[in-house]
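Below, each value reflects all heavy atoms present in this structure, side chains not excepted, and no hydrogens, waters or symmetry copies.
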Protein chains: 2
Amino acid sequence: MVNPNVSVDCVVFGFDGDGLNVLLIEQKDVGQRIRLALPGDLVLDEESLHEAAQRVLWELTGLEGVYLHQCGAFGDPNRVRDVKDLAWLQSYRENPQARVITVAYFALLKSEDFNPHASSFAERVFWHPVYQVPELAFDHNAIFSQALRILRKEMRHRQVGHELLPEKFTLSQLQTLHEAIFGEMLDKRNFRKKIIKEMWVLPLEEKQKGVVHKPARLYEINANTPVLEE
Amino acid sequence: MVNPNVSVDCVVFGFDGDGLNVLLIEQKDVGQRIRLALPGDLVLDEESLHEAAQRVLWELTGLEGVYLHQCGAFGDPNRVRDVKDLAWLQSYRENPQARVITVAYFALLKSEDFNPHASSFAERVFWHPVYQVPELAFDHNAIFSQALRILRKEMRHRQVGHELLPEKFTLSQLQTLHEAIFGEMLDKRNFRKKIIKEMWVLPLEEKQKGVVHKPARLYEINANTPVLEE
DNA sequence: CAAAGATAGTGTATTTTTTACACTATACAA
DNA sequence: TTGTATAGTGTAAAAAATACACTATCTTTG
């Protein structure tokens with residue numbers, strides 16, 4: 001039923017309107033040590049890797065159809081043999097010795113869609129800023145870094161990332177999102193020029209409400225953006 | 001010793017000075033049907049995925065230290081259940097029913113380094129032009145397409161691909177290589193301008209010999225090219 | 001040894017893209 | 001009415017990409 005050799009791990013990015021966060025889970029380790037990890041699970045016999053990742057996210061958040069992007073397979077035999085991980089493996093895995101190859105995915109979530117709560121998965125689930133991610137189980141730090149690198153790469157070429165925003169958003173929110181992902185400030189005028197020219201968004205006849213300053217126009221994602229090669 | 005659930009498959013690109021080729025293997029199927037496939041193998045317990053791919057290439061070509069780049073994990077449960085593949089699986093795999101997830105790599109070879117010959121691997125090993133690749137076993141056509149897409153992507157950003165050329169080469173050879181990989185013609189002057197500006201190559205004090213026209217200057221790869229982000 | 005054949009090698013003008021930069025407009029609150 | 005906070009806008013300069021055609025040099029052949 002469960003394949004003992006193959007797992008998926010998910011790097012779930014969330015955006016709270018300000019900074020970019022990643023979803024971490026806390027597992028109670030034997031001896032009360034705190035163990036942080038990315039959500040992941042062994043793959044079932046009759047599901048594809050993509051489906052396995054969807055399932056992990058569903059079990060974790062209750063959300064379906066989350067945007068997912070594969071970002072690498074990690075298969076060093078030693079990735080599940082670090083001393084820091086032995087106790088946990090022995091407590092929770094049927095076959096603690098098994099060689100496990102993991103396929104990593106990153107997922108994008110609107111923060112508004114998910115307020116972390118404990119699940120079947122873990123003692124605790126919480127958002128953590130992508131800067132200064134703490135030490136994680138197994139090779140999850142390497143997986144996280146690669147996911148962020150690939151997210152940035154995708155972002156440069158496609159209008160990916162709107163999955164992190166509400167349906168209607170202002171250009172300033174979009175800019176803040178880009179700044180959070182790239183970790184650098186962008187010029188307002190140049191940013192808008194580019195977004196408009198590439199037709200990533202469409203203006204709505206609607207404005208922001210309940211703000212204490214000039215309300216900004218709202219936009220929505222243009223589902224028909226021409227897909228750039230590469 | 002062998003992990004029954006995880007394999008690696010290699011898309012080996014070779015360049016013969018003219019067109020881009022991929023290495024295919026021909027397996028004698030039961031009933032004399034011809035089966036074409038990418039070289040690949042199940043992963044051993046004590047080797048990493050990368051090492052497994054290196055081993056496959058070594059068994060196939062005798063070459064060590066070949067440039068390899070991971071280009072995706074393929075794990076649909078049905079990828080090893082197509083009727084066209086059943087007979088072969090039953091003849092050659094200890095456990096023909098096993099769910100096999102494969103991790104794909106692409107490799108780059110100088111044609112001069114490898115003249116295909118049969119190996120332990122297959123009845124026959126041969127170069128095939130990357131255009132109009134025939135029907136392959138399992139999901140190998142999808143793996144091939146993805147590998148080519150990712151090779152092109154890499155090529156646009158890094159000075160990858162010189163692994164396909166001899167150590168000393170002319171700018172025209174380099175241009176022909178780029179044209180073969182992208183499948184489109186490039187402007188000679190603009191191509192040279194760009195290559196020189198980005199310092200991908202260094203000029204040598206040496207010229208081509210034995211050609212029936214003005215001999216071209218030879219160049220070598222600049223190992224110290226600044227690595228672009230992304 | 002002259003001419004033909006073949007590819008090497010080179011520069012400039014035009015267009016497009018990217019970058020840098022600062023002020024006015026509008027809504028709400030006090 | 002004024003203050004405060006963010007929205008929204010244009011232009012000039014620099015850099016990068018594109019289009020384009022002729023001369024140079026080597027070998028072979030007549």
Side-chain angles (χ1 to χ4, degrees), chain A residues 16-19 152-153 155-159 165-166 168-180 182-220 225-226 228-230, chain B residues 16-19 152-153 155-159 165-166 168-180 182-220 225-226 228-230:
Chain A
D16 56 14
D18 185 26
R152 286 175 174 165
K153 203 154 151 177
M155 191 93 173
R156 252 185 270 276
H157 297 290
R158 308 194 190 276
Q159 91 287 35
L165 287 175
K168 300 171 178 181
F169 51 86
T170 71
L171 292 184
S172 293
Q173 288 176 304
L174 184 61
Q175 181 174 344
T176 306
L177 170 62
H178 278 244
E179 289 172 339
F182 291 122
E184 64 186 30
M185 295 292 107
L186 302 171
D187 178 88
K188 186 173 19 169
R189 282 180 284 196
N190 294 340
F191 178 76
R192 286 169 184 233
K193 222 180 302 176
K194 179 170 176 165
I195 293 294
I196 300 294
K197 185 171 64 74
E198 306 204 346
M199 297 195 304
W200 286 354
V201 298
L202 297 172
L204 299 171
E205 286 312 314
E206 201 174 336
K207 299 208 165 174
Q208 225 179 4
K209 272 180 189 145
V211 288
V212 64
H213 53 76
K214 176 175 175 179
R217 178 180 289 274
L218 293 173
Y219 288 76
E220 62 179 5
T225 306
L228 315 174
E229 198 42 58
E230 193 261 17
Chain B
D16 56 14
D18 185 25
R152 286 175 174 164
K153 203 154 153 179
M155 192 93 174
R156 252 184 270 277
H157 297 290
R158 311 195 188 275
Q159 91 286 35
L165 288 173
K168 301 171 179 183
F169 51 85
T170 70
L171 292 186
S172 292
Q173 288 175 304
L174 184 60
Q175 181 175 345
T176 306
L177 171 62
H178 278 244
E179 289 172 339
F182 292 121
E184 64 185 32
M185 296 292 106
L186 302 172
D187 179 88
K188 184 165 37 163
R189 282 181 284 196
N190 294 339
F191 178 77
R192 286 170 184 232
K193 223 181 300 176
K194 178 170 175 164
I195 293 294
I196 300 294
K197 187 172 64 74
E198 305 204 349
M199 298 194 305
W200 286 354
V201 298
L202 297 172
L204 299 171
E205 286 313 312
E206 200 173 337
K207 298 208 167 176
Q208 227 179 0
K209 272 180 187 144
V211 288
V212 65
H213 52 76
K214 176 175 174 179
R217 178 179 289 275
L218 293 173
Y219 289 77
E220 63 180 3
T225 307
L228 314 174
E229 198 42 58
E230 193 260 15

Contact nearer the 5' end of DNA chain C, comparing A:Lys207 with B:His213: B:His213
Out of C:dA29, D:dC20, D:dA24, whichever nucleotide has its closest atom nearest the side chain of B:Lys214: D:dA24
Distance-minimising heavy-atom pair for B:Gln173 and B:Phe169: OE1-CA, 3.2 Å
Length of the CG-C1' vector between A:Leu186 and C:dC21, whole Å: 15 Å
Pairwise 5' ranking along DNA chain D for A:Leu218 and B:Val211, keeping only the more 5' one: A:Leu218
Minimum heavy-atom distance between B:Gln208 and B:Lys214, given as atom pair plus value: OE1-O, 4.4 Å
Atom pair distance, as rounded to whole Å: CZ in B:Arg192 and C1' in C:dA8: 6 Å
Nucleotide nearest B:Ala216 (side chain, heavy atoms from C-beta), chosen from C:dA6, C:dG9, D:dT18: C:dG9
B:Gln208 CD - D:dT25 P separation (whole Å): 16 Å
N or O in side chain of B:Ser172 less than 4.0 angstrom from C:dT7 OP1/OP2: no
Sugar-phosphate only, base, or nothing, as touched by B:Lys188 at under 4.0 Å among non-hydrogen atoms: base
Under 3.5 Å: donor-acceptor pair, side chain of A:Asp16, backbone of A:Gly19: yes
Under-3.5 Å donor-acceptor pair between A:Lys193 side chain and C:dT19 base: yes
Heavy-atom donor-acceptor pair, A:Arg189 side-chain to C:dA22 base, under 3.5 Å: yes
Separation of atom NZ in B:Lys197 from atom C1' in C:dG11, rounded to whole Å: 17 Å
Nearest to side-chain heavy atoms of B:Pro215, which nucleotide of C:dA22, C:dG11, D:dC26: D:dC26
Length of the line joining A:Asn190:CG and C:dA22:P, which is rounded to integer Å: 13 Å
Considering all heavy atoms, the nearest B:Phe191-B:Leu171 contact: CE2-O, 3.9 Å
Protein-nucleotide distance (A:Asp187, atom CG; C:dT17, atom C1'), rounded to Å: 15 Å
Whole-Å distance separating the CZ atom of B:Arg217 from the P atom of D:dC26: 12 Å
Separation of atom NZ in A:Lys194 from atom P in C:dT19, rounded to whole Å: 8 Å
Set of residues satisfying side-chain hydrogen bond (donor to acceptor under 3.5 Å, both in side chains) with respect to A:Gln175, sequence neighbours excluded: A:Glu179
